[in-house]
Amino acid sequence: MVAVSWCFIAILLSWTLLCLAEGKLHYYDFHLREKNFTKLCTTTNMLVVNDQLPGPTIYVQKGDSVFVNVFNHGFYGVTIHWHGVKQPRNPWMDGPAYITQCPIKPGMNFTYEVKFSDEEGTLWWHAHSDWARVGVHGAIVIYPEEGTTYPYPIRHDAEEVIVLGAWYTYDVNWVVIESDNRYGPGSDSFTINGQPGDFCPCSKETTYRWEVEHGKTYLLRMVNAALNAELFFVIAEHNVTVVGMDGAYLKPFDTNYVVIEAGQTMDVLVTANQSSGLYYMATRQCFTGEASFTSLDTANVTAILQYNGSDSSSSLPYFPTYFPDFYDVYAAMSFRSKLKSLYGQDVPTNITTRMFITANLQQYHSDFISTLNNISWVNPDIDVLQAYYNNMSGFYSDDFPDNPPTFYDFVGFDVGLNTTQGEVGTKVKVLKYDEEVEMVFQSANILNGSMDHPMHLHGYSFYVVGSGDGDFDFDEDPKTYNLVDPPKLNTATLQKSGWLAIRFKASNPGVWLWHCHLDRHLSWGMNYVIIVKNGGTPETTIREPPKLMPVCEEKTSNNLNRLNDSPVYSESKSI
């Protein structure tokens, strides 16, 4: 009897030590339902999580794990992506539709295991199928490990989550699914924590308000959840200190505005050091596109920072004295130039794979497509991960090119008709485990369509070692690389008519998506997949698939247009 007791205690102790080593476990239920919201004088029906917009914030500490049971009570298939979470060895839980899983069918549920590793700061989660993330998104707060604290010298007294979103006066996801709107719909306004603010129609009574106490310092955890927009953000009469981005720390710097790209997260400190009163927090689009292909949302969206004890009925809020203009690309470039990592870096220097990738707007017959190296992605009939793991042929090819088919003046205004036609396909890039990779992205001006592209890599963070205007100079531009303290991001801006150089080490085996985080461009095919092979040991090998992954049957039509094709699903677990 004693031996049995001691054996039980030993097992219990080993479980406890394992949990301590791997962090705590957290559990969430996400119920996806259609709900009516009235904004901009119009009632819109949209899919949201737990009846909230934005959805619930997930709170963890570094190294924890989260199990999220997603119940789909909506009318179309949905997946959830854990943006910026590397999911070591576990691409099965990454979430992009037809890349690592098939959508969760209406009336079904699926449980995601989200494993945090070295991330710390603010990340977010969102739908990753069609344009469902317009309402299906929320923040992730990752606190430092127990016994540690924030590495920057400034201490904060409290914190606030600020989610910047986009609002449409109709169910934009249904428009995307049902129509063949090749341009993609434009938003009617942006939102701050779900509200458009004082300067938008029928919105003043619901403007988001944040109460602060004089003298205290606050950590703002910001998310840009807008579908297709890079955004400026300012707080009237208050400077902020930027301390983190994309779940990693930066060298702190002060600024009177920030620019946050679609898909990015940012941690900023603000001290309530002004006289008592009301102050607008404002956001507007940073527009780098062409009206021929995309629309400018001219809304000036606001929330209110209110000092404790202020009389909100007797005075108007202060409006920012400096607010970058919609077209102020130089303000955006200046801000991004200040991003430096807080820590000494292990930037890859023994590069074994180099890729030069053009980001283009092109045509396929008469349709507009977005391409990388002239290839526009087409989703296969089953997800790429399933096909790769089970060695199934015919669903993708491993010949994504390391270079574009031709070189020319990529940023010129007359690049020639021979460059306008792209190709469609399902092409992946295969990397060996632990390869050190450099990718240079070049924005091309085909069809006068160059603009900023937020480039996002799943399963990894990468070092932004360089960026610049014009055509990349293979001889001179690498001499300007920052290999000392480059920012470590998961989403970085490829600027209009410019280039972006990133490096990473391929140490996370699996199937991982590279894509522009503008949903319009993702719909048009500006993405490709990297497959990182196993490393030869159990610790460097993809985990086995869960037993209840969603399954999709073969589609009956080619998914070229991606906007009106409806896949057929089958699953084994209903709700």
Side-chain angles (χ1 to χ4, degrees), residues 131 176 179-187 226-230 261-263 285-297 327 329 332 356-379 400-401 403-427 439-456 467 469-472 491-500 513-528 559-563:
W131 288 25
V176 168
S179 76
D180 77 356
N181 184 342
R182 296 296 296 168
Y183 291 91
S187 58
L227 296 183
N228 292 297
E230 185 176 11
E261 185 60 270
Q285 186 170 4
C286 173
F287 186 75
T288 63
E290 294 292 334
S292 304
F293 303 112
T294 185
S295 58
L296 167 63
D297 186 331
Y327 303 97
V329 296
F356 181 76
I357 302 170
T358 55
N360 314 302
L361 176 66
Q362 294 182 285
Q363 291 179 309
Y364 182 72
H365 303 309
S366 61
D367 285 327
F368 287 115
I369 57 175
S370 285
T371 65
L372 296 173
N373 278 351
N374 283 44
I375 307 297
S376 182
W377 177 269
V378 177
N379 285 330
F400 183 84
N403 294 286
T406 58
F407 283 77
Y408 51 92
D409 179 9
F410 297 107
V411 303
F413 286 97
D414 184 15
V415 296
L417 292 176
N418 61 324
T419 65
T420 61
Q421 288 295 315
E423 302 177 22
V424 299
T426 309
K427 297 177 182 290
M439 295 182 183
V440 176
F441 291 91
Q442 173 72 59
S443 181
N445 199 36
I446 296 172
L447 299 174
N448 199 26
S450 180
M451 63 180 297
D452 284 2
H453 298 287
M455 304 306 296
H456 173 51
S467 62
D469 290 320
D471 290 336
F472 181 74
T491 307
T493 301
L494 168 60
Q495 68 188 51
K496 176 185 177 77
S497 297
W499 56 271
L500 171 75
L513 180 62
W514 251 117
H515 67 97
C516 176
H517 215 277
L518 303 179
D519 275 26
R520 179 181 292 105
H521 291 172
L522 180 60
S523 296
W524 291 356
M526 189 174 282
N527 56 288
Y528 77 105
N559 194 27
L560 168 61
N561 119 344
R562 305 171 190 79
L563 297 180

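Index from 1, following the sequence. Bear in mind the structure is a predicted one, so any value in this text is a computation, not a measurement.
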Q: Determine the interplanar angle of the Phe410 and Phe407 rings, folded into 0 to 90°, and report it as parallel if under 30°, tilted if 30 to 60°, perpendicular if over 60°.
A: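 Phe410 and Phe407: perpendicular rings.
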Is there side-chain contact between [X] and [Y], with heavy atoms separated by less than 4.5 Å?
X	Y	answer
Ser376	Glu423	no
Ile446	Leu361	no
Asn373	Tyr528	no
Trp131	Leu227	yes
Leu518	Pro454	yes
Met455	Ile357	no
Thr371	Tyr364	no
Phe356	Pro404	yes

Q) Do the two ring centres, one from Trp514 and one from Phe441, sit under 6.0 Å apart? A)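 Centroid separation for Trp514 and Phe441: below 6.0 Å.
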Q. Is there a donor-acceptor pair closer than 3.5 Å between any side-chain N or O of Asn445 and the backbone N or O of Gly412?
A. yes
Q) Got a second to check how far Asn374's CG is from Gln362's CD, nearest 0.5 Å? A)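 Asn374 atom CG to Gln362 atom CD measures 4.0 Å (nearest 0.5 Å).
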Q) In a check of ring-ring contact (aromatic ring centres under 6.0 Å, His included) between His453 and each of His517, His515, His521, which one passes? A) His521
